[in-house]
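One structure below.
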Amino acid sequence: MSRGQLRIYLGAAPGVGKTYAMLEEAHRRRERGTDVVVGFVETHGRKHTLDMIGDLELVPRRTVEYRDATFTEMDVDAILARRPEVALVDELPHTNVPGCRNAKRWQDIQELLDAGIHVLSTLNIQHLESLNDVVQTITGVPQRETVPDEVVRRAEQVELVDMTPEALRRRMAHGNVYRPEKIDAALGNYFRVGNLTALRELALLWLADKVDEQLDRYRNQHRIEATWEARERVVVALTGGPEGETLIRRAARIADRARGADLLAVHVARNDGLAGADPALLARQRILVESMGGTYHQVIGTDVPKALLDFARGVNATQLVLGASRRGRFAQILSQGVGVSTIVESGTIDVHLVTHGEAGRGRFGGPAGTALSAHRRLAGYALAALGLPLLTLLLHQFGDLDLGTDILLFLAAVVGVALIGGKWPAVVAALGGSGLLNYFFVPPVGRWTITDRENLLALTVFVVVAIAVSATVDAAARRTREAALAGAEAQTLATVAGSVLRGDRPLTALLERLQETFGLESVTLLEAREGTGHGPERRHEVGSWRVVATIGGQPCFAPNEADTDVPVSDDLTLVLRGQPLAAADRRILEAFASQAALALRHERLAEQAAAALPLAAADRMRTALLAAVSHDLRTPLASAKAAVDSLVSDEIDFDEADRVELLATAAESLDRLHRLVENLLDMSRLQAGVLGVAPRPMGFEEVVPHALDELGDSGRTVRMRIPADLPAVSADPGLLERVLVNVIGNALRYSPPARPPLVKASAHAGRVELRIVDHGPGIPEAEWDRVFLPFQRSGDRSNDTGVGLGLALARGLSEAMDGTLVPEVTPGGGLTMVLSLPVAPARAAVPEVMAGEGAGAA
């Protein structure tokens, strides 16, 4: 079955006539003989649109109850059952009411396309994911319903429904778009001429890219050889700062306008292991890149421009998107920065330098302070205050030393102060030491003047070297501390990743690791209840939140109850109880919070998938059942009805022999129909787990003859070898007879006439085994499990002899009686089915049970 085709009517704004154009196309196709139905069309009360529907067939909508209100949504199942050639489905980005099978209408449309149904749909340009932020900037209105660009680009046809801004505003003024009470507000806000002109330009540009893609496809299909440029690849550089989302969206738009170019995001990590990026922001930006069809990469390097360009050249990138520098003006004077350096060295790669709200505000981490503790800084000041006078006193005791030696000793003292107290105590020591040298050791001694230029130069060099050494020592200490912190964070995150990957419940594993890492009393992930708003007062209301997952002792039921809370989104918050955490731990906490949100999402998707499996299996069973029963019920009914109609007819006078033959035909057809209906009902009970089982002690010699009698004349050819001393089994007589009828009937169907099936029994280790042996074509061992599936027959035989439930039902009934039914190879060729049942206990019958688990296993 070929996949259906999608045709989208694209407009710049509501009211341009997309739905009207779609309905016009539907009427044209119906006039050409195409089977067209209206799956969902939203008229918004517009009379012309409602009149245009006309006599098109409407598929009834599905009613959904949600929050004490009633909504109507498109009925996907009804359309699939109707199976038209073309279905009209309005408003592609629409969000379905919770409780529907899919969250978005475009996902409903994908199902229709997969079923081979062509779909006509509509879309406004503001609902494209890559243009979301641009439209909000133009109109000031955020669009909460979006469609991935890839869904629209995969459409076979995208037709622009265009209208000038002035014409659209006239339509609105005439009441053809909105109700009268909404017209003035719409014309003064969203539907201003400037807004409509910008949206129209976006629609035209996007459609132009789509036309380029279609042209490329045409050239490929017709093998038109021509000179084409290399495939466009757009690389966006991420620093881990808050401007990342702006850069990603801009790069995605550039990639879209470059005829579906590849989008790659790259983050350059320092190879010295120092932390420089926000892990939580990088995690969110990675999700955004991947949601837009791009890929995320991370490289290591010290020279950021060189690392970026090496990566871009390595992936054959043609365009590179960078953010404007966050550094201040003074810092840009001292160094040209990453952006300028990259532009200078980019060569043939086009570099886009994008401005953003964080440009010029400085690094997001703020200026780094000293890396040493307050105790060490105090010790440094004390050493400078006491050590330098003491050194001066000692040098006076050895008055024969020259000035150079005195300067070197003072320099050593300043280095010692720097090693202990860091930069600022060392700077104080350098300045104080220069004053002591000047007063006590530089001629003229005892005065603050310097007469010799060499002495002035020596003191100046002393101060400069002392300050430089102190700055170097402080920077080394800072780097050591940052490297240790980065190593600890990396080790923590690596441990978290390992525990999450190894666990069956990643969210629980993540919270456990967080509790263990920071020694917390409890860790809880809270989710906002629906309908509680987004105001700050909600953080204090326990009833506004519900616990999604918690580890440890008493959980927090609202963010204000926690010692530390980390908002993940508007609806998720990670709350910690046990001890307040330092601000330096905030980065790794945000990384934990982002991963917790991802883990929650994955768990819910897994739960939805698991919940959908039984429903999907039931749907497949129901579809196969309807397809099979459509023939198998009709055939015996037709035979019986024909026989009965002939008997009651006055036009033909049958003799006694013909009358007996017609009655026999009707009885045989009705018996066949009776067996079919019983099989279907039993299979339904097995699937639902409600088949009643009443086991009692009984012998195979009691039930096998009854099963053979039910098989008619063919059953009389079956050979039996059942020992007289065979122990009784515990089984339900009616169900056991059904099992034997199905299994022996299957053996008769495939056995050659000259070698009828053999039924033999034996006892082994507390169980009795009944073997039904046939010498037919047999079944390869790889296919054994397949023959027990409903609606399956060996060799894909036609279904004129039954719906293929025999062996599937037989195994299910056997397991319901605590038995087994397995195939074996018949020596000499053929298939042997082995039915094993437990030996009946010495005491009375086993009480009735419900075969819930056994049936479910079938």
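Counting begins at 1 with the first residue of the sequence. As a basis for the values below, the full set of heavy atoms in this structure was taken, side chains included, without hydrogen atoms, waters or symmetry mates.
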Nearest atoms (heavy-atom pairs only) where Leu309 meets Ser346: CD2-CA, 3.8 Å

The single option from Leu308, Val236, Leu247 that satisfies side chain to side chain contact (heavy atoms under 4.5 Å, CB included) with Leu322 is Leu308

If you define the side chain from C-beta out and look only at heavy atoms, does anything of Ile109 sit under 4.5 Å from Leu92? yes

Please report the closest heavy-atom contact between Pro14 and Phe191, naming both atoms and the distance. O-CE2, 3.4 Å

So, does His127 use its side chain to make a donor-acceptor pair with the main chain of Pro93 at under 3.5 Å? no

Determine whether more than 12 heavy atoms belonging to other residues, nucleotides or ligands lie under 6.0 Å from atom CZ of Arg601. no

Given side chain to side chain contact (heavy atoms under 4.5 Å, CB included), test Leu572 with Leu600 step by step and report yes or no. CA-CA 10 Å; Leu572 281 178; Leu600 175 63; 3.8 Å; yes

What is the distance from atom CH2 of Trp106 to atom OG1 of Thr146, rounded to the nearest 0.5 Å? 9.5 Å

Tell me, do Val152 and Val147 make a side-chain contact under 4.5 Å, heavy atoms counted? yes

Once you round to the nearest 0.5 Å, how far does CD of Glu290 lie from CG of Leu263? 11.0 Å

Taken in chain and number order and not counting sequence neighbours, the residues that satisfy side-chain contact (heavy atoms from CB on, under 4.5 Å) with Arg200 are Ala12, Asp162, Thr164, Pro165, Leu204

Which atom of Ala155 lies closest to which atom of Ile8, heavy atoms considered: CB-CD1, 3.8 Å

Please determine if Arg7 and Glu159 form a salt bridge, counting it only when a charged side-chain N lies under 4.0 Å from a carboxylate O. yes

Going by atom types only, do Glu243 and Thr239 share a side-chain donor-acceptor pair under 3.5 Å? yes

Going from CG on Leu199 to CD on Gln126, what distance comes out if it is rounded to the nearest 0.5 angstrom? 6.0 Å

Less than 4.5 Å apart, side chain to side chain, heavy atoms only: is that true for Lys306 and Phe311? no

About how many Å separate NZ of Lys18 and OG of Ser121, when rounded to the nearest 0.5 Å? 10.0 Å

Output for pair (Ile248 CD1, Arg284 CZ), nearest 0.5 Å, gives 11.5 Å

Would you say Ile349 and Thr318 make side-chain contact, with heavy atoms under 4.5 Å? no

Qualifying salt bridge (Lys or Arg N to Asp or Glu O under 4.0 Å) pairs with a residue from residues 126-147, counting only residues at least two apart or across chains: Glu129-Arg249, Asp133-Arg253

Between Val16 and Gly11, the two heavy atoms sitting closest are CG2-CA, 3.9 Å

I'd like to check the side-chain hydrogen bond (donor to acceptor under 3.5 Å, both in side chains) partners of Ser291; sequence neighbours left out, ordered by chain and number. none

Kindly compute the distance separating CG (Leu288) from OH (Tyr296), expressed to the nearest 0.5 Å. 12.5 Å

Less than 4.5 Å apart, side chain to side chain, heavy atoms only: is that true for Leu123 and Tyr9? no

Assess whether side chain to side chain contact (heavy atoms under 4.5 Å, CB included) is satisfied between Leu131 and Gln143, documenting all intermediate values. CA-CA 10 Å; Leu131 299 176; Gln143 300 295 330; over 6 Å; no

Quick one, Asp350 and Leu320 - any side-chain contact, counting heavy atoms below 4.5 Å? no

Measuring only between side-chain heavy atoms, which start at C-beta, is Val417 closer than 4.5 Å to Trp424? no

On a heavy-atom basis, which atom in Thr573 and which in Pro559 lie closest, and how many Å separate them? CG2-CG, 4.3 Å

4.5 Å side-chain heavy-atom contact, Thr342 and Val304: no

Flag, side chain of Gln107 to backbone of Ala103, donor-acceptor distance under 3.5 Å: yes

Minimum heavy-atom distance Gln110-Val151, with the two atoms named: NE2-CG1, 3.8 Å

Between Val321 and Ile254, is a side chain to side chain contact (heavy atoms under 4.5 Å, CB included) present by the stated rule, with each step listed? CA-CA 9 Å; Val321 178; Ile254 293 174; 3.9 Å; yes

After noting the C-alpha distance and the side-chain angles of Val289 and Thr295, does the key distance pass the side chain to side chain contact (heavy atoms under 4.5 Å, CB included) rule? CA-CA 6 Å; Val289 168; Thr295 57; 5.8 Å; no

When you look at Ser130 and Asp149, which way does the side chain to side chain donor-acceptor pair (under 3.5 Å) test go after all the steps? CA-CA 7 Å; Ser130 65; Asp149 288 46; 2.6 Å; yes

